[in-house]
Number of protein chains: 2
Amino acid sequence: MARTTGSDGEKTEAAVREAAISLIARLGYEAMSMRQLAAEVGVQAAALYRYFPTKEDLLFTLMREHMEGLIEAWSTARPVAADPVTRLAAYVENHIAFHIERRHATHVSNMELRSLSHERLTQILKMRTAYEKELRMILRDGAEAGRFEIDDTGLTAMALIQMMTGVIVWFRPGERLSVAEVTTTYLSMTMRLVGAKIDAYSGARPFERAKDAVAL
Amino acid sequence: MARTTGSDGEKTEAAVREAAISLIARLGYEAMSMRQLAAEVGVQAAALYRYFPTKEDLLFTLMREHMEGLIEAWSTARPVAADPVTRLAAYVENHIAFHIERRHATHVSNMELRSLSHERLTQILKMRTAYEKELRMILRDGAEAGRFEIDDTGLTAMALIQMMTGVIVWFRPGERLSVAEVTTTYLSMTMRLVGAKIDAYSGARPFERAKDAVAL
DNA sequence: ACATTAATAAAACGAACGTTCAATTAATTC
DNA sequence: GAATTAATTGAACGTTCGTTTTATTAATGT
């Protein structure tokens, strides 16, 4: 046989991406075979090579697009010229929402870095560093303005990112907690962690338990 | 050829474990071949099967011993009948010290779970859950005693563990920060995150920046 | 010294891997 | 409706994989 009725390059490529994210997240990049991926899409392995020249090209494409999406999401959500507390809240909300929404892709981007060539690894890490630098700047601004109490900006940024990204390890949609509830609690923990003071409203009182919902 | 002069089963097995942890941490379990591992040890691949019947048995052994070591380390470090703040501090110190000391093994235990059979995965997760439960109990006791302010005990425990374990991702011994400095900062962040009050010393004042070294 | 056991090498097994190539058919263009 | 292009199949390629088998030598016990 050969070309099948109703076959469409764009649809097949999209199906390959989606199936690859799911399979790599579940099995790991090395453990997933091209034949397995093809079977998931409903196609022969050779057909995959029409869209991605090698297995690594496929992985790299998935990762690059994930990072681009994250950076774009932040550049949209980022509040301009706001105070550090507001900016930090926006960063946390965007980060958690994005990562919960794309749990599988995040897993791939975080776990399969070692399967990239040196050059491509550098490229992905550069994007990641740029994204993390945004958080460091917020923390530094807040510390300088006396709104945060932070020992070490870089270390705090890493701790916060690990904490927030860790959500995808245990969060399952539709279980005990909603995304909004998780976000609210993480916001509260974040603000306390950085020693945020909400002077604008009530004078230098540290963050307490936040019970009100946070808009996403 | 056959048996080599000076060959010793115990030493070879120890060398295999050590090399396996290092190789799996660097390349991933699926990407590491038994021939690669054997070469690292300075032996032929067939010799490995004298010590571990299959590749998965090797992985499982490494993981089980890592978890056993973690639980044992905590059961030694754990303070008996102390207040929640002291117990939480001990948990954080032990966790960070253990994980920095065994970065590679931690990487293996955290990243390669999906390569275990269902039965063995369950066994490892059971140990991990037992270890995490210790933290949840500390948090619950502290919250009930009014020493902590916590929204959700389970969620806070997960956040803290992700934050602390994340140290191994960026920490490199001998770089900018010492283990003691990292631990001190993480202790301070943890105490603020849980809203710890150090009543015993100074009345209900929240944790501030901790500058004094913490004994490990 | 000799017999036994421990530790390894060398070679081979079938299976699965990523990838390529030629052939074939569906859709599109003119 | 013929020519062209797009999409896919089926078979094959050489490699590498985890693992097994057999033979061989070092160390140990008697």
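So that the names make sense, note that chain A is the first sequence line, chain B the second, and so on, each numbered from 1.
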- Item | Basic-acidic side-chain contact under 4.0 Å: A:D57, A:R120 | yes
- Taking only Lys NZ, Arg NE, NH1 and NH2, and the carboxylate oxygens of Asp or Glu, determine whether A:R176 and B:D152 approach each other closer than 4.0 Å. yes
Return the value, rounded to whole Å, for the distance between atom [atom1] of [X] and atom [atom2] of [N].
| X | N | atom1 | atom2 | result |
| --- | --- | --- | --- | --- |
| A:Q44 | D:dT9 | CD | P | 5 Å |
| A:R50 | D:dA7 | CZ | P | 4 Å |
| B:E10 | C:dA7 | CD | P | 9 Å |
| A:L37 | C:dT19 | CG | P | 12 Å |

- Task: Give me the ring orientation class for A:Y91 and A:Y131: parallel if the planes are under 30° apart, tilted from 30 to 60°, perpendicular past 60°.
- Result: parallel
- Ring geometry between B:F98 and B:H66 (parallel below 30°, tilted from 30 to 60°, perpendicular above 60°): tilted
- Kindly indicate, with the supporting measurements, whether the criterion side-chain contact (heavy atoms from CB on, under 4.5 Å) is fulfilled by B:L177 and B:T185. CA-CA 10 Å; B:L177 297 166; B:T185 305; over 6 Å; no
- Tell me whether the OP1 or OP2 atom of D:dT8 has a side-chain N or O from A:T12 closer than 4.0 Å. yes
- Task: Would you mind classifying the nucleic acid contact of A:Y51 as base, sugar-phosphate or nothing, using non-hydrogen atoms under 4.0 angstrom?
- Result: sugar-phosphate
- Message: Check whether B:Y29 reaches the backbone of B:L113 with its side chain - one donor and one acceptor, N or O, closer than 3.5 Å.
- Response: no
- Item | Base-contact (B) and sugar-phosphate-only (S) positions in nucleotides 13-19 of chain D, heavy-atom cut-off under 4.0 Å, - elsewhere | ----BBB
